[in-house]
Amino acid sequence: QVQLVESGGGLVQPGGSLRLSCAASGIRFGAAAMAWYRQGPGQQREVVARITQTGNTNYIDSVKGRFTISRDNSKDTVYLQMNSLKPEDTAVYYCYVIGTSWWGQGTQVTVSS
């Protein structure tokens with residue numbers, strides 16, 4: 001059974017930082033390309049960042065230079081380090097195994113003063 005469990009969300013002030021984690025089980029994590037998506041209030045779900053099996057990354061323009069996706073294959077975990085957070089980053093963040101139907105349950109990130 002595949003499980004993706006996100007953690008690390010919360011309430012943070014503008015300019016602050018959060019680190020999201022997604023622990024995977026039931027998959028060959030080292031062979032999986034991973035992604036973080038987000039869905040803001042009243043918005044469609046959008047991809048935020050991707051990381052390949054070999055560690056190559058890409059980001060949407062709005063988070064470039066602020067967010068960093070990484071993976072630790074020894075822990076079957078993918079991370080999203082989010083710095084310089086803005087109110088428009090407020091969303092539910094989801095972990096996703098690229099090319100599958102496997103999603104995490106989501107973790108809420110709220111950026112507000």
Side-chain angles (χ1 to χ4, degrees):
Q1 181 182 0
V2 176
Q3 281 194 315
L4 300 169
V5 180
E6 298 105 331
S7 60
L11 173 63
V12 63
Q13 292 187 342
S17 297
L18 285 173
R19 187 195 195 202
L20 305 184
S21 299
C22 171
S25 60
I27 65 171
R28 290 177 57 227
F29 184 79
M34 302 294 297
W36 284 97
Y37 279 69
R38 67 185 179 187
Q39 187 166 15
Q43 299 180 0
Q44 290 188 329
R45 193 174 295 190
E46 64 174 355
V47 63
V48 175
R50 301 183 184 92
I51 186 165
T52 68
Q53 296 87 331
T54 56
N56 292 320
T57 60
N58 60 67
Y59 304 88
I60 57 171
D61 286 346
S62 60
V63 307
K64 283 181 180 177
R66 300 189 298 122
F67 289 13
T68 302
I69 187 171
S70 62
R71 64 191 298 156
D72 185 340
N73 289 345
S74 70
K75 296 181 179 179
D76 291 352
T77 300
V78 61
Y79 304 97
L80 187 67
Q81 177 67 45
M82 305 186 294
N83 298 329
S84 303
L85 282 160
K86 304 176 181 180
E88 51 264 42
D89 294 318
T90 294
V92 179
Y93 284 72
Y94 298 90
C95 175
Y96 172 62
V97 183
I98 294 173
T100 74
S101 60
W102 300 326
W103 294 87
Q105 82 286 355
T107 185
Q108 176 70 47
V109 171
T110 302
V111 185
S112 175
S113 55

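Note: hydrogens, waters and symmetry copies are ignored here, and every other heavy atom, side chains too, is used.
By the 4.5 Å heavy-atom criterion applied to side chains, Val97 and Phe29 are not counted as neighbours. Using a 4.5 Å cut-off on side-chain heavy atoms (C-beta onward), Arg38 and Val63 make contact. The shortest distance between side-chain heavy atoms of Ser112 and Leu11 falls below 4.5 Å. Side-chain contact between Met34 and Ile98 is absent, with no heavy-atom pair separated by less than 4.5 Å. Contact check for Glu6 versus Leu20: no side-chain heavy atoms found under the 4.5 Å cut-off.
The two residues Val47 and Ala35 come nearest to each other via the heavy atoms CG2-CB, 4.5 Å. Scanning both residues, Ala32 and Ile27, for their nearest heavy atoms gives CB-CD1, 4.3 Å. Smallest separation of non-hydrogen atoms from Gly26 and Val2: O-CG2, 3.7 Å. The minimum heavy-atom distance linking Ser84 with Asp89 is given by the pair O-OD2, 4.5 Å. When all heavy atoms are compared, the tightest approach of Val109 to Gly9 is CG2-CA, 4.1 Å. Contact detail for Gln81 and Ser17: the closest heavy-atom pair is NE2-CB, 4.0 Å.
Taking the six-membered ring for Trp and the full ring otherwise, Trp36 and Phe67 have centroids separated by 6.0 Å or more.
Grouping the Ile, Leu, Val, Met, Phe, Trp and Tyr side chains by contacts below 4.5 angstrom, directly or via other members, places Tyr94 with Leu85. Both Trp102 and Val92 belong to a common hydrophobic cluster when Ile, Leu, Val, Met, Phe, Trp and Tyr are linked at side-chain heavy-atom distances under 4.5 angstrom. The hydrophobic cluster containing Ile60 also contains Val111, counting ILVMFWY residues as joined when their side-chain heavy atoms lie under 4.5 angstrom apart, directly or transitively. Criterion: ILVMFWY side-chain heavy atoms under 4.5 Å apart, direct or through other members. Under it, Ile69 and Leu18 are part of a common hydrophobic cluster.
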Output, in order, the C-alpha distance, side-chain angles, deciding distance and verdict of side-chain contact (heavy atoms from CB on, under 4.5 Å) for Leu80 and Arg19.
-> CA-CA 6 Å; Leu80 187 67; Arg19 187 195 195 202; over 6 Å; no

Dump the intermediate steps for salt bridge (charged side-chain N to carboxylate O under 4.0 Å, His left out) on Asp61 and Lys64, then the final yes or no.
-> CA-CA 5 Å; Asp61 286 346; Lys64 283 181 180 177; 3.1 Å; yes

For the pair Thr90 and Gln108, evaluate side-chain contact (heavy atoms from CB on, under 4.5 Å) and give the outcome as yes or no after the intermediate values.
-> CA-CA 8 Å; Thr90 294; Gln108 176 70 47; 4.0 Å; yes

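Thr52 and Thr54 are linked by a side-chain donor-acceptor pair at a separation below 3.5 angstrom, with hydrogens and angles left out of the test.
If you take OG on Ser62 and CD on Glu88, they are separated by 8.5 Å, rounding to the nearest 0.5 Å. We find the OH-CG distance between Tyr96 and Leu4 to be 10.5 Å, quoted to the nearest 0.5 Å.
Remark: Arg66 is not positioned above the aromatic ring of Tyr59, lacking an NZ or CZ atom under 6.0 angstrom from the ring centre and at most 45 degrees off the axis.
Shown here is Gln44, whose CD atom has no more than 12 heavy atoms of other residues, nucleotides or ligands within 6.0 Å.
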